[in-house]
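Side chains are part of it too, since the values below use all heavy atoms of this structure and drop only hydrogens, waters and symmetry mates. Here is the naming used below: chain letters follow the sequence lines, and residue numbers restart at 1 for every chain. Bear in mind the structure is a predicted one, so any value in this text is a computation, not a measurement.
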Protein chains: 2
Amino acid sequence: MPSDHGVASALKRSDLAKLTGCNLETIRYYEGVGLMPDPPRSPAGHRRYGTAHVERLSFIMRARELGFTMEEIRGLLSMVDRGSHTCGEVEKRGRDHLNVVRAKIRDLQNIEAILADTIAKCSGSDAPECPLLNVLSDGAVAKAD
Amino acid sequence: MPSDHGVASALKRSDLAKLTGCNLETIRYYEGVGLMPDPPRSPAGHRRYGTAHVERLSFIMRARELGFTMEEIRGLLSMVDRGSHTCGEVEKRGRDHLNVVRAKIRDLQNIEAILADTIAKCSGSDAPECPLLNVLSDGAVAKAD
DNA sequence: CCTTGCTCCTGTAGTTGCTACAGACCCTAT
DNA sequence: ATAGGGTCTGTAGCAACTACAGGAGCAAGG
C-alpha cells in the first residue's frame with residue numbers, strides 16, 4: 001500500500017489525468033497559466049490532488065468541450081471563485097460565446113457551399129482543366145443556376 | 001517617377017499586399033516557408049514583384065478563405081507547379097477538405113445545441129443558481145423534454 | 001543639400017492552447 | 001540491489017501567422 005504522506009485522498013498527476021480525461025502535460029500547463037491552483041506536494045515534490053482539483057479540472061474540460069477559450073474559462077472560474085456570480089452574468093457570457101460559435105458555423109457553411117458547388121462540377125477525369133482550380137485561380141465562384 | 005531598375009511591372013511588397021489583401025508580414029512568412037518564391041531584388045535589396053507573384057498569392061489567399069491548411073495549399077500549388085495535375089486529383093483534395101469542413105460544422109452544431117438549450121433555461125436573474133454552470137460543473141446536459 | 005518621415009530590410013518574439021521531449025530525480029517491486 | 005516505471009523541471013515544437021526592434025534606403029520639402 002502506497003503511503004499518502006497524510007494528504008487526504010491524494011491523487012497523483014496521472015490519476016487526475018485519467019479521472020478527468022485531461023492530458024498529463026496539460027495539467028501542468030493549466031497550473032502554469034493559473035487556471036488550476038498549484039497543488040500541495042509530497043515530501044519529494046510530487047503533486048498531490050484532491051476532489052476539489054478533480055472538480056475544477058472537470059469544469060475546465062467541459063468548458064473546453066463547449067469551445068470556450070481559455071480567457072472565457074478563466075472568467076467563468078474567477079466568477080465562481082469570487083462566489084459572487086449571478087445567473088444573469090453567466091448567461092451573458094454563454095450568449096456571447098454562442099454568438100461566436102454561430103458565426104463560426106456560418107463561415108464554415110459558406111465555405112462548405114462553395115466547395116460543394118464547385119466540386120460538383122468537377123469531371124474527376126485526367127484532364128488538367130478543373131473547376132476547383134478555376135475558383136482558386138480566378139476567384140470565380142460558379143453559380144448553380 | 002520612381003525608377004524600376006529595369007524590373008518589369010515591379011511592385012513593392014506593400015503593393016503586393018494591397019493588391020491581394022494579404023498582410024505585409026505574411027508575404028515574407030510565405031516566402032520563408034516556401035509557399036511563395038523568393039522574389040528578385042532591387043539593387044538596395046528591396047523585393048520586386050510581378051504579375052506572377054500577384055496571381056500566386058491570390059491563389060493562396062483564396063485557398064485560405066476556403067479554409068485549406070498551409071499543407072493543403074502547398075500540395076495544390078506543387079501540383080500546379082509540376083503542371084501534371086488532373087481534375088480528379090484536385091477534386092479528391094477538395095473532397096477531403098470538404099469532409100473536414102463538414103466535421104467541424106457538425107462539432108460546432110453540437111456545441112451550439114447544448115449552449116442554446118442550456119441558456120434557454122437561464123433565469124438571467126441575480127440568483128447564483130445557473131443551468132449553464134450546472135452543465136459545466138456536473139456535465140449534465142439539460143434535456144429539452 | 002539636408003533633413004524629415006515614410007517605407008523597407010532582417011531577425012526574433014509573441015499569439016492560442018496545448019503537446020512532447022530531454023535529462024534528472026524518485027519510488028516500487030522483485 | 002537494481003530494473004522499470006512514474007514524476008520532476010525547463011524548454012522546444014505545432015499551426016499560421018502577427019508584431020516589434022533596430023537599422024538602412026528613398027522621395028520630397030525647405
Do any side-chain nitrogens or oxygens of [X] fall under 4.0 Å of OP1 or OP2 in [N]?
| X | N | answer |
| --- | --- | --- |
| A:T26 | C:dT19 | yes |
| A:R47 | D:dC8 | yes |
| A:T69 | C:dT16 | no |
| A:R13 | D:dG6 | no |
| A:R74 | C:dT16 | no |

Going from [atom1] on [X] to [atom2] on [Y], what distance comes out if it is rounded to the nearest 0.5 angstrom?
| X | Y | atom1 | atom2 | result |
| --- | --- | --- | --- | --- |
| B:I73 | B:R93 | CD1 | CZ | 12.5 Å |
| B:E89 | A:C130 | CD | SG | 10.0 Å |
| A:L16 | A:L57 | CG | CG | 5.0 Å |

Quick one: [X] [atom1] to [N] [atom2], roughly how many Å, whole number?
| X | N | atom1 | atom2 | result |
| --- | --- | --- | --- | --- |
| B:R48 | C:dT7 | CZ | P | 14 Å |
| B:L11 | C:dC8 | CG | C1' | 15 Å |
| B:K18 | C:dC6 | NZ | P | 13 Å |
| B:R64 | D:dA15 | CZ | P | 15 Å |
| A:R41 | D:dC8 | CZ | C1' | 8 Å |
| A:L57 | C:dG17 | CG | P | 16 Å |
| B:K104 | D:dA15 | NZ | C1' | 11 Å |
| A:E71 | C:dG17 | CD | C1' | 11 Å |

Between A:E31 and the options A:H53, A:R47, A:R13, the side chain to side chain donor-acceptor pair (under 3.5 Å) test singles out A:R47

Side chains of [X] and [Y]: closer than 4.5 Å at any heavy-atom pair?
| X | Y | result |
| --- | --- | --- |
| A:Y49 | A:V54 | no |
| A:Y29 | A:L35 | no |
| B:H46 | B:R41 | no |
| A:P131 | B:C87 | yes |

Hey, are [X] and [Y] close enough for a salt bridge, meaning a charged N less than 4.0 Å from a carboxylate O?
| X | Y | result |
| --- | --- | --- |
| B:E65 | B:R62 | no |
| B:R56 | B:D81 | yes |
| B:K121 | B:D117 | no |

Quick one, which residues of residues 29-36 of chain B touch DNA chain D with a heavy atom under 4.0 Å?
B:Y29, B:Y30

Decide side-chain contact (heavy atoms from CB on, under 4.5 Å) for B:V100 and B:K104; before the verdict, give the C-alpha distance in whole Å, the side-chain angles of both, and the deciding distance to 0.1 Å.
CA-CA 6 Å; B:V100 171; B:K104 281 185 186 163; 4.2 Å; yes

Listed pairs, N/O of protein and of nucleotides 21-26 of chain C, under 3.5 Å:
unit_1	atom_1	unit_2	atom_2	d
C:dC21	N4	A:E25	OE2	2.8

Given C:dA20, C:dG17, D:dC17, which nucleotide is nearest the side-chain atoms of A:N23?
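Closest nucleotide to the A:N23 side chain: C:dA20.
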
Just report the end-to-end axis angle for the helix from C:dC1-D:dG30 to C:dT30-D:dA1, five pairs per end, to 10 degrees.
30°

